S.K.: 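Dropping the structure in here first, questions after.
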Amino acid sequence: MLKKNTKFRSLKDTSCASCENINCILKRNLTILKDSHLIQNKSTLPCKKGQQFIMEGAPVNGLFFILKGTVKVFRTGINGREQIVRFAKEGEIIGHRGFGTEEYYSIGAIALKDTVLCYFSKESLQEALLVNPKFSFDMMLFYANELNRSENKVKSISQMTVRERVIDTLLYIHRKFGDLNGFINLPLSRKEYADYAGTTEEQVIRVFSALKKEKLITAQGKKIGISDRQILKNEINDHNYFLDT
DNA sequence: CCATTAAATTCAA
DNA sequence: TTGAATTTAATGG
């Protein structure tokens, strides 16, 4: 079996200059930001798989970017049920809703695999935003996108059937994390699919079983393969066509 | 929702 | 690398 040596990855240079996350807002603005307080005073925080690095209710002091790894962001509901708000990968921002006015986090975040986070203080970020319009604009676009996604999610949870929500979730994960050897490149438990789709583990298992029978997906444990993305997409679109006027 | 069994993953020797 | 221990999936009541 071929293996790449990733043992010493964590000892590697974690500076923005040598970062490979081309989709990171900081990286894209590095030419203008490179001498800023923000970039020079950042700290990195290694985080093991399963480790929670944002607690619901904890005070907000800054904001995280993912240097490496994958993270889920969730909110705990009324009867202790977890609602996964989003999944995030390399280059993405975590805890951004707490930035500005909110004093305490209303969400929690857990690493889904070994992850390295970049941490920036509120103050240095504020400074960079005030001084740099291009950077602020990129941040604004990011917030706008997040809001849009969040509004769509309200619609999907309140109006779509369980089956459609599960399919929607599969397509979202697939779109975001891509495909590796025919399987979605992110192993999630059925419970995690359920927590994102706003349903229960059993329902997800039953929808998966139905989709397997229909030859639309394949599954080997946590690895899910999407055989026909178009048919799945159509099933969602057909139904949504009549919903929004 | 819960209980049971099958299957997959993790862990440590 | 292996298999025992633990966790997770699947199904049926």
Side-chain angles (χ1 to χ4, degrees), chain A residues 1-11 45-56 66-90 94 107-117 153 156-229 231-233 235-236:
Chain A
M1 205 194 290
L2 273 175
K3 240 186 222 171
K4 281 186 182 165
N5 185 2
T6 53
K7 255 184 213 169
F8 302 108
R9 183 73 58 86
S10 60
L11 299 177
L45 173 72
C47 208
K48 289 202 190 85
K49 178 178 179 177
Q51 191 176 338
Q52 180 162 2
F53 59 92
I54 298 180
M55 300 288 178
E56 289 177 282
I66 302 175
L67 176 59
K68 186 164 190 317
T70 313
V71 150
K72 68 171 169 181
V73 178
F74 63 92
R75 186 177 294 246
T76 305
I78 310 165
N79 37 22
R81 270 197 39 166
E82 223 174 71
Q83 172 62 238
I84 294 181
V85 176
R86 62 193 272 259
F87 293 94
K89 60 178 179 183
E90 278 92 6
I94 303 292
I107 50 98
I110 293 182
L112 291 175
K113 37 176 134 169
D114 290 354
T115 294
V116 183
L117 300 160
K153 203 164 160 43
S156 77
I157 285 190
S158 59
Q159 305 189 323
M160 288 164 86
T161 66
V162 169
R163 179 181 161 107
E164 287 164 339
R165 289 189 325 244
V166 170
I167 291 175
D168 194 44
T169 304
L170 281 170
L171 291 172
Y172 162 68
I173 304 289
H174 184 260
R175 197 169 57 243
K176 182 149 188 169
F177 295 95
D179 207 281
L180 181 69
N181 304 326
F183 291 106
I184 292 179
N185 194 12
L186 176 71
L188 290 175
S189 70
R190 312 287 136 122
K191 173 150 193 319
E192 284 164 326
Y193 280 104
D195 290 344
Y196 186 81
T199 190
T200 64
E201 185 177 0
E202 286 97 327
Q203 300 243 60
V204 169
I205 287 169
R206 293 190 159 108
V207 172
F208 277 12
S209 302
L211 292 174
K212 272 190 279 183
K213 273 198 190 120
E214 296 166 46
K215 309 277 182 210
L216 296 176
I217 66 168
T218 56
Q220 274 175 34
K222 288 187 167 189
K223 287 177 296 188
I224 308 295
I226 294 190
S227 334
D228 198 328
R229 188 148 44 113
I231 293 183
L232 292 176
K233 264 187 191 168
E235 187 164 334
I236 306 247

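The sequence lines fix the lettering, A, B, ..., with proteins before strands; numbering per chain opens at 1. Note that these values count all heavy atoms, side chains included, but never hydrogens, waters or copies made by symmetry. Since this is a predicted model, take the numbers as computed values, not measurements.
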S.K.: Sub-3.5 Å donor-acceptor pair from the side chain of A/Arg165 to the main-chain atoms of A/Ala197, do we have one?
M.R.: yes
S.K.: Check whether A/Lys68 reaches the backbone of A/Pro46 with its side chain - one donor and one acceptor, N or O, closer than 3.5 Å.
M.R.: no
S.K.: Not counting sequence neighbours, list each pair that qualifies as a salt bridge (Lys or Arg N to Asp or Glu O under 4.0 Å) and has a residue in residues 72-81 of chain A.
M.R.: A/Lys72-A/Glu82, A/Lys72-A/Glu192
S.K.: Indicate yes or no for a side-chain donor-acceptor contact from A/Ser209 to the backbone of A/Val207 under 3.5 Å, with no hydrogens or angles considered.
M.R.: no
S.K.: For A/Ile205 and C/dT11, give me the distance from atom CD1 to atom C1', rounded to whole Å.
M.R.: 9 Å
S.K.: Should the pair A/Phe177 and A/Phe87 be assigned to parallel (<30°), tilted (30 to 60°) or perpendicular (>60°) ring geometry?
M.R.: perpendicular
S.K.: Can you check side-chain hydrogen bond (donor to acceptor under 3.5 Å, both in side chains) on A/Thr161 and A/Glu164, steps first, answer last?
M.R.: CA-CA 5 Å; A/Thr161 66; A/Glu164 287 164 339; 3.3 Å; yes
S.K.: A/Lys49 has an atom NZ; how far is it from atom P of C/dT7, in whole Å?
M.R.: 13 Å
S.K.: Does NZ or CZ of A/Lys222 fall inside the cone over A/Tyr193's six-membered ring, less than 6.0 Å from its centre and within 45° of the axis?
M.R.: no
S.K.: How many Å lie between NZ on A/Lys223 and C1' on B/dA8, as a whole number?
M.R.: 10 Å
S.K.: Counting just side-chain N and O atoms, does A/Lys191 come under 4.0 Å of either OP1 or OP2 of C/dT7?
M.R.: no
S.K.: When you measure from the side-chain N and O atoms of A/Arg190 to the phosphate of C/dT8, is any distance below 4.0 Å, counting only OP1 and OP2?
M.R.: no
S.K.: Atom CD of A/Gln220 and atom C1' of C/dT8: how far apart are they, to the nearest Å?
M.R.: 16 Å
S.K.: Can you check the A/Tyr193 OH to C/dA9 C1' distance for me, whole Å?
M.R.: 13 Å
S.K.: Listing time: all N or O pairs from protein to nucleotides 1-3 of chain B that are below 3.5 Å?
M.R.:
residue: B/dC2; atom: N4; partner: A/Glu202; partner atom: OE2; Å: 3.1

S.K.: Starting at CD of A/Glu201 and ending at P of B/dT4, how long is that distance when rounded to a whole Å?
M.R.: 17 Å
S.K.: Could you state the CG-P distance from A/Leu188 to B/dT9, rounded to the nearest angstrom?
M.R.: 13 Å
S.K.: So does A/Ser209 get a side-chain nitrogen or oxygen closer than 4.0 Å to the phosphate oxygens (OP1/OP2) of C/dT11?
M.R.: yes
S.K.: Expressed as a whole number of angstroms, how long is the span from A/Phe183:CZ to B/dT9:P?
M.R.: 10 Å
S.K.: Looking across every strand, which nucleic acid part, if any, lies under 4.0 Å from A/Lys212 by heavy atom: base, sugar-phosphate, or nothing?
M.R.: sugar-phosphate
